[in-house]
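Residue numbers start from 1 in every chain, and the chains themselves are labelled A, B, ... in the order their sequence lines are given, proteins ahead of strands.
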Amino acid sequence: MKPAPFDYCAPQSIDEALARLAAAPQAKLLAGGQSLIPMLNFRLLATDLLIDLTGIAELRGILPHGRSVRVGALTTHHEVETSALIRERFPVMGEVMRHVAHLAIRNRGTIGGSLVHADPAAEWPLLAVLLQARLHAVGPSGKRAIDAQDFLLGALTSSLDADEILLRIDFPALPRRTAWAFDEVALRAGDFALCAAAVTLSVGGSRLTGGPRITDARIALAGVADTAVRVPVAERMIRGQRRLTPELAHQAACAVRDAINPNADLHASADYRRHLCHGLVKRLLEEAQRSCAAPAADDGGDGH
Amino acid sequence: MRKRSDPARLRRPTTGETAISRPKYVGAPVERREDGRLLTGRGRFVDDVAIAGTLHVAFRRSDHAHARILKVDSKAAAACPGVVAIYVAEDIEADFQPIVAQSRMRGYQPTAQPILAKEKARFAGEAIAAVVAESRYLAEDAAALIEVEYEALESLVDPLRSLAEDAPRLHDGTSSNVLVERRFQRGEVEQAFHNPPLAVKERFRFRRKAPAALENRCYLADYRGAADSLTLHTSTQVPGIVRDALVDCLAIPGSRLRVVAPDVGGGFGGKTSLYPEEVLVCVLSRRLERPVKWTSDRLEDLTATSHGFDEVVEAELALDEEGNFLGLRADVIGDVGAYSLFPFTAGIEPVQVASFLPGPYRIDAYQGRVRCVATSKTALGPYRGVGRPAATFVMERLVDMAARRLGQDPKAMRLRNLVQPEDFPYKVASGIVWDRSGFTESLAAACEAIGYESLRGQQEEAREQGRLLGIGMATYAELTGIGSRLSASPGMPFNTGTETAHVCLDSTGGITARFGVTSFGQGLETALSQVVADELGVAIEDVTIVQGDTAAVAHSTGSYASRGAVMGAGAAMLACAALKERLLRVAGLMLNAPPEEVTLAEAGFSAPHSDRRIGFGELAKTYYSRQGAIATDLKNELGELSASRMYDPEWGTTSCGTHIALVEVDRETCQVKVLKYLVAEDCGQLINPRIVEGQNHGGVAQGIGAALLEEVIFDEQGQNLTASFMDYVLPSAAEVPRMEQVHLDLEKPKTLGGIRGMGEGGTIGAPAAIANAVADALAPFDCEVTELPITPERIFRLTRDGRDGSGRGN
Amino acid sequence: MPFERRIAVTVNGVRHERSVEPRLLLSDFLRQMLNLTGTHVGCEQGICGACTVLIDGDSVRSCLTLAVQADNAELRTVEGHGQAQSLSALQRTFKQCHALQCGFCTPGFLATIEDMLNKYPLENENRIRELLSGNLCRCTGYQNIVDAVIAARDDLAQSEAANQQTQQE
């Protein structure tokens, strides 16, 4: 299991990288390499040229932008896991990072690499659709922004063109009072999830407006379709309700189970995945509701 | 009667006047001598051995599970940079004699295992062509360009299909795909099953495993033409077997064919067979007169290293109203893959499922039939526990099923039926003889230590809350340290019953002990040092152990079947006693005392009427180097101050134990969490309790993997779908529980030192204990656990569909 | 060699300059070009963790890293932790706890644990097991490895406390 030969370059700027890419259409971009290099080792993939982006400083970093956050595409999972800004604004992201593979992978693997690789069971695509991320890319014809759901086309397929480079991912602010919950089921700790789910519940309104209501509900899943998905039909059932009762959680979870059409693989049938989904979503909705009810949820975000 | 590992209490009892001093090391948790080098990256595994000019091999392996090879085109590959040569079967067949595993079993059909597949490939991943190049990278570049034309034949994936009359034969010239068939019959079986008050019957499936040692197999052959000598560095458990086989195969005398197994990174049975790649590097090194290395990658390991445990077992247990066992019958079908591996044969695993099925129980009437069926898959070989994990799984499940039907507690049902202390020696219906071992004691000790009754109470409460808690136990027995009266594999026609130790005092006072038993993680270097140091009354640091090298002793077969400690320590004791006799004579001469009055203790010799103390160094220098110090006659008589002895434990001895697991099944995820785990075992005299406990930890972890996660899966075309660590799921630290252990201190067996073999018990007891615990947890559903691994997917189907939730066939 | 790159890597404090093919894996570079064979290769897929080394202090799979990517980096391999006669603190706890058997996976565990001890409080056994789950061991059943981590964590906390005290005095 050794890679076939290829050439290598490590451009120091985005322009240089774009030029390299334009000159070598068969080239592959190397970010953290934690998915790409195994594929090269297995010779499932061959390339003439690897363009190593890790030397480009402007592709790294986590910066506030108003109430939203911009994460450079080459930021590692571990940097996100330990970022104070992320912990403050998107605690769910920090929590989810703990589930991404293992420390040695998180030290090296990047958010951009993971999103472009678009593994259906990976955590970043799940977070991107949950948090309605906007992905910024640059190519020969300039820059463009792509919504997460449009970016993730299918299993190992993204809408990034072969001559484009992913620059950064913007996460728009969540409503002020948002509770969240996340969990995943894998055969072994750190493995790709058989099913992963994350939910957010945002509460708004006051006694003046007739009491608090759930203004926004999001349910995102990974491992149960060709790519990470949201389940609008279930989200709609919750949105506008005063609170999420166990009965409603159950109904929403059933709606999720019925809406998805999971693939079967070696370790899990479609039916088992549906069962997992139902259980996970129900539990996570209840968890999120509990955090909503808890006083800590009032100042936004900290649900866990 | 029982004790937790308290080193102070684990010392060997002194045996009166023959003991010169109390053993200092045997029984103590001595820190390992191997650790210094292994912890600092200075170990020496085969792939670490670098010889200048080494060539590297990569294989083109079969894409098909069963196909005729019509044409191999390696023109493009041969033109690749760095390629030295490319070989197919025809190119090398004149260079060696084929290796065929023989057996005395009636009706046995041997299969020659090709070094490179010729005419036909019999499993996906079988080597067809070998590329030799200046680096592994370059060899792989070329191998990728080799084109093979096949004519696909029917893949034999399901052993039941392979059994059918109209199934294609995997091997030409065989009368059927059944390579081994054997029956066991004892007692009045028909009578036992004629309207018994209770009979429990089930069809069990124990699915295929991969030994998956962390170190992949690696072979480096270094042939020197000028001397016509060959050294093979190999990651094997059995250097002696490999050497003896290669001598015949390559026609190089044993005196010039040396097989070295340096540090070996785990074996678990996967490194006890002679492999085609092992022979090939030798053949190629001789041909090219350059060192040739092949290092397996994980893909090759999971597709071409022997697999373990793959049986369908239909079994039935008859009982009377009180729960006494009346009879047992079983039909075992073993899926042995494409070849009968040398030396242990296709019978090694499935035949032992049938012969060990009655286990530690009193069963007078037993009928067992076993068929080892060839399929187009990787060959089945020995894997830790061999046969007994599946046998114990089946038997222990039957016991629990019967207990449930009769409303009896599983513990009571076992105590009633286990071979009782007064029954030993007990001859099992299949012919195996159990010597005295703590069957009932291990069960009682396990229940006491884990607080069995209160655990049941805890379970009751949990069930009321809707939680699925289960308690499972398994009692097992195994034969260890097998001597010359039995074969280590049923029907294998050569002696595996002896092991050699050679202990030598050199002219500087250095003590070197050479062994044939090898180490691949069990800490034998430490354990054997402990024995030698005690026997010679020296410090452990004064003893150097040499092992893993056929140059060390004249004959050996290696380490497998829980024999290393029993046989290595036994041989060490005999050799040390013989050496000591010589040393005492020399010391007597120097001390002016008769040898019988000389005392050897604390690394020195002394006598009652002299205050002189002679150290080993002084004795050695005087004996070997001081002119005129020792009378010529005595020197001519004694010769070198060394002794070599072989030890043969004849029948071997019984080890046994009881495992208890507390598990919880998560209703939402269908996953099993092992909450508590306990092992109570009788392995006789512990040489090093720390090592013993480590062996149990590791064995149980493998057993839990076998029970919950690990499964080699083939698709209908015979492609291995689990050929990476992503899909062949070994347990990690997060899936393995903390476990407790109890070591029984009972009457010692007759083996030298009172040692019983251990190290396989973990994988023997754990699958059954976990299966019983999961079945117990799932009691609220109408289902039985009949298949391992019991994965979340299978639990999902069981809890959804009841009874036979298993979707997959056979 | 079609594509060669000149790289300079500091390993265990020693600077090495070599020409390498871009496709050469860091694990093979260490083992074959620098003869640092303590770094072991188990799966070349990043799952078993046997090849884990420290790059600029972070634990990294050397089988999922190209040697060219380590250009100008500081590496620490198992050979840099301690010597047989003067083991590092973590190596000592491994020996005392019998946390290794065949020793093949051990170098990877040591690198992972060094990084864990640096980055996480390791508040309980579950957390430790979760963080160890990226390194596979087939021999020990992990219990003694977990115990070694607990011992190393406690030793570290003690020596840090002692340091603080000395500083205050």
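For C:L25, the parts lying near chain B are the backbone and the side chain together; criterion is any non-hydrogen pair under 4.5 Å. The contact between B:F725 and chain C is made by backbone and side chain atoms together, counting heavy-atom distances below 4.5 Å. Heavy atoms of C:Q45 lying under 4.5 Å from chain B belong exclusively to its side chain. If you measure heavy-atom distances from C:I128 to chain B, you find no contacts under 4.5 Å at all. With a 4.5 angstrom heavy-atom cutoff, C:F104 touches chain B via backbone and side-chain atoms both. For B:E735, no part sits under 4.5 Å from any heavy atom of chain C, backbone or side chain. Using a 4.5 Å cut-off between heavy atoms, B:I704 does not touch chain C at all. Residue B:V700: no heavy atom, backbone or side chain, is found under 4.5 Å from chain C. Residue contact with chain C, scored on non-hydrogen atoms closer than 4.5 Å, involves the backbone of B:P737 exclusively. When heavy atoms are compared at a cutoff of 4.5 Å, B:D263 does not approach chain C at all. Only the side chain of C:L87 comes within less than 4.5 Å of a heavy atom of chain B; its backbone N, CA, C and O stay farther away.
At a threshold of 4.0 Å, the pair C:R138-B:E710 counts as salt-bridged, since one of the basic side-chain nitrogens sits closer than that to a carboxylate oxygen. A salt bridge links C:R31 to B:D47: one of the charged nitrogens lies within less than 4.0 Å of a carboxylate oxygen.
Side-chain atoms of B:E31 do not come within 3.5 Å of backbone N or O of C:K95 as any donor-acceptor pair. Remark: the backbone N or O of B:P731 is paired with a side-chain donor or acceptor of C:Y142 at under 3.5 angstrom. Panel note: side chain B:R298, backbone C:E44; no donor-acceptor pair is recorded below 3.5 Å.
For the atom pair OH of B:Y137 and CG of C:L24, the computed distance is 4.5 Å after rounding to the nearest 0.5 Å. Atom-to-atom distance recorded for B:L214:CG and C:Q101:CD is 11.5 Å, nearest 0.5 angstrom. Taken from SG in C:C43 to CG in B:D297, the straight-line distance is 10.5 Å, to the nearest 0.5 Å. The CG atom of B:L38 lies 8.0 Å from the SG atom of C:C102; values are rounded to the nearest 0.5 Å. Atom NE2 of C:H98 and atom CZ of B:R690 lie 7.5 Å apart (nearest 0.5 Å).
Between chain B and the options C:R23, C:Q32, C:E79, heavy-atom pairs under 4.5 Å are most frequent for C:R23. The choice from C:P107, C:C139, C:C48 that makes the most heavy-atom pairs within less than 4.5 Å of chain B is C:C139. Most heavy-atom pairs under 4.5 Å with chain B, from the set C:T77, C:I47, C:L100: that is C:L100. Here B:M739 is the residue among B:M739, B:R136, B:R44 with the most heavy-atom pairs under 4.5 Å with chain C. Between chain B and the residues C:T140, C:T106, C:I145, C:L90, the most heavy-atom pairs under 4.5 angstrom are made by C:T140. The residue among B:D301, B:N696, B:V264, B:I691 with the most heavy atom pairs within less than 4.5 Å of chain C is B:I691. Interface check for chain C: of the options B:A701, B:G36, B:G698, the most heavy-atom pairs under 4.5 Å are formed by B:G698. With chain B as partner, the option from C:Q96, C:E130, C:Q85 having the largest number of non-hydrogen pairs under 4.5 angstrom is C:Q96. By number of non-hydrogen pairs under 4.5 angstrom with chain C, the leading residue of B:G523, B:G705, B:A733 is B:A733. Contacts with chain B were tallied for C:A50, C:A84, C:G38; C:A84 has the most, counting heavy-atom pairs under 4.5 Å.
Contact of the C:D147 side chain with the B:R738 side chain is registered, since non-hydrogen atoms from C-beta on lie closer than 4.5 Å. When side chains are defined from C-beta on, C:H40 does not count as touching B:E215, because their heavy atoms never get closer than 4.5 Å.
In this structure, C:K119 places its NZ atom where more than 12 heavy-atom neighbours from other residues, nucleotides or ligands lie under 6.0 Å away.
Under the 3.5 Å distance criterion, with hydrogens and angles disregarded, a donor-acceptor pair is assigned to the side chains of C:Q83 and B:R42.
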